[in-house]
Amino acid sequence: MAPEKTDFLVIANRLPVDRRIGDDGEVSWRTSPGGLVTALEPVMKLQGGAWIGWHGAADEDLPEFEHDGLRLVPVPLTELEVEEYYEGFSNGTLWPLYHDVVVTPEYHREWWDAYVTVNRRFAEKAASLAAQGAVVWVQDYQLQLVPQMLRELRPDLLIGFFLHIPFPPTELFQQLPWRRQILEGLLGADLVGFQMPGGAQNFARLVRQRVGHRTVRDTVFLPDGRKVLARAYPISIDARGFEQLSRTPEVIARAQEIRDSLGNPRHVLIGIDRLDYTKGLPQRLRAFGELVRDGVIDVDEAVFVQVATPSRERVHQYRLLRDDINRLVGRINGDMGRIGQQPIQYLHASFPREEMAAMYRAADVMVVTPLRDGMNLVAKEYIATRWDDRGALVLSEFAGAAGELRQAFQVNPHDINGMKQALLEAMQAPPVDLRKRMRALRKQVMENDIERWATTFLAELAEARDTGPADGDD
Ligand code: G6P
């Protein structure tokens with residue numbers, strides 16, 4: 001029997017679920033804690049939508065299934081495709097290239113070939129499931145060729161694309177041997193969304209320079225009369241959901257327990273990141289370590305808790321980073337710690353949402369210092385949990401979130417002295433100053449949540465159809 005067609009499709013590299021294998025060997029799925037699925041769930045349920053994505057294991061072809069009322073359609077990847085498409089082109093080429101080449105991107109023709117093959121597989125799957133005139137929303141850098149491939153298969157569809165990571169400056173993007181194909185891939189969409197206005201502008205400039213299309217402000221005019229919009233939609237979080245969670249007695253009690261187990265120091269500083277070289281972990285640990293070494297901070301008075309969630313562990317640069325951080329934490333704790341008092345508590349593990357909320361609540365200072373970041377949702381999650389207007393956020397000016405979170409203590413993560421200064425300011429600021437800042441930050445985050453983000457994007461995508469050449473308006 002042919003699968004049922006749908007009017008709304010989300011396509012992302014990953015399905016929004018993790019597989020669990022119980023002690024008895026029984027397999028179950030758990031919705032992963034991302035904001036995207038929370039935002040899209042209502043739309044998906046309302047429209048009977050489906051989500052197409054990889055389920056995270058190689059060499060396994062699973063039938064579609066339902067979880068929590070969501071229709072999930074797995075796309076298989078072979079072991080070699082995981083290596084070449086996911087670890088290779090997506091995370092060894094595009095990820096560093098799009099993050100200001102903070103490590104050197106690698107360009108391999110076989111990685112590119114795998115990227116094309118896998119993007120085509122996603123596009124074909126979507127083409128077979130979409131009803132006539134359906135809305136399809138393609139997510140992120142792993143799938144930039146899908147919009148064009150899908151349009152060729154199904155010109156009737158309304159296609160949106162959103163890039164969750166930064167879109168690089170034109171000078172860097174030009175390095176990519178397949179730059180033109182990527183631009184043309186994205187131009188298959190009716191609306192291409194970026195985190196920041198700068199990303200949308202970089203894209204429009206490249207389309208002019210490299211593909212030769214005319215652009216006027218946020219609109220690209222294609223020779224066939226079609227228009228493509230390139231606009232910014234800063235992503236957010238399920239702010240109310242996070243606040244509610246952080247108000248539960250369990251989370252409040254757990255936050256106190258965390259502080260107790262740290263020895264109830266005056267200052268608890270926390271960093272929570274995927275273990276990724278874009279996150280500026282060494283820089284922030286060095287800054288904190290130097291403050292302790294210089295005697296400005298007393299190990300009895302302050303603790304830095306750094307959570308680093310394991311990520312992309314088979315990619316070479318991620319392995320190097322893991323070793324670097326292990327060494328750095330070991331050196332700082334070895335040099336500066338005392339029995340029962342280590343300046344840095346380092347956890348290489350991932351935690352459920354409840355524990356994250358408790359950690360945010362336990363932190364006097366949240367430290368977010370990426371060298372480059374599309375948005376950074378951890379910064380927004382921290383703010384959502386600070387319903388008592390207490391706490392301080394130290395935030396890199398190179399995170400997309402810095403554009404909205406103006407009242408954070410903003411830092412340049414490359415400037416270690418500047419970071420030391422900002423950490424101290426955040427720790428020592430008078431409570432009335434902190435409250436004023438936090439109130440403003442909270443207003444920003446609570447008003448601009450993920451629901452508003454998704455609704456705005458989808459509404460503007462629908463308008464793109466209304467004003468498109470199909471209606472004769474060109
Ligand atoms: C970033 C990307 C996502 C990706 C996530 C986790 O947020 O924008 O597309 O899913 O990192 O990385 P992973 O490689 O584990 O999917």
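All figures in this text were calculated on a predicted structure; none of them were measured in a lab. In each ligand, atom 1 is the first atom listed, and ligand 1 is the first ligand listed.
- Between Glu460 and Arg231, at least one side-chain N (NZ, or NE/NH1/NH2) sits under 4.0 Å from a carboxylate O, which counts as a salt bridge.
- Taking the six-membered ring for Trp and the full ring otherwise, the centers of Trp112 and His108 sit at least 6.0 Å from each other.
- Proximity of Phe65 to Pro74: side-chain heavy atoms (C-beta onward) are separated by under 4.5 Å at one or more points.
- The ring of Tyr86 has its center closer than 6.0 angstrom to the ring center of Trp54.
- Between Glu447 and Lys443, at least one side-chain N (NZ, or NE/NH1/NH2) sits under 4.0 Å from a carboxylate O, which counts as a salt bridge.
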Could you go through ligand 1 and list every pair where one of its N or O atoms sits under 3.5 Å from a protein N or O, giving the atom names and the distance to one decimal?
from: ligand 1; atom 1: 8 (O); to: Asp140; atom 2: OD2; distance (Å): 2.6
from: ligand 1; atom 1: 9 (O); to: Asp140; atom 2: OD2; distance (Å): 2.6
from: ligand 1; atom 1: 9 (O); to: Gln142; atom 2: NE2; distance (Å): 3.2
from: ligand 1; atom 1: 11 (O); to: Arg312; atom 2: NH2; distance (Å): 3.2
from: ligand 1; atom 1: 12 (O); to: Arg312; atom 2: NH2; distance (Å): 2.9
from: ligand 1; atom 1: 14 (O); to: Tyr86; atom 2: OH; distance (Å): 2.5
from: ligand 1; atom 1: 14 (O); to: Arg312; atom 2: NE; distance (Å): 2.8
from: ligand 1; atom 1: 14 (O); to: Arg312; atom 2: NH2; distance (Å): 3.3
from: ligand 1; atom 1: 15 (O); to: Arg14; atom 2: NE; distance (Å): 3.4
from: ligand 1; atom 1: 15 (O); to: Arg14; atom 2: NH2; distance (Å): 3.2
from: ligand 1; atom 1: 15 (O); to: Tyr86; atom 2: OH; distance (Å): 3.4
from: ligand 1; atom 1: 16 (O); to: Arg14; atom 2: NE; distance (Å): 2.6

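- Two rings, from His164 and Phe162, have their centers less than 6.0 Å apart.
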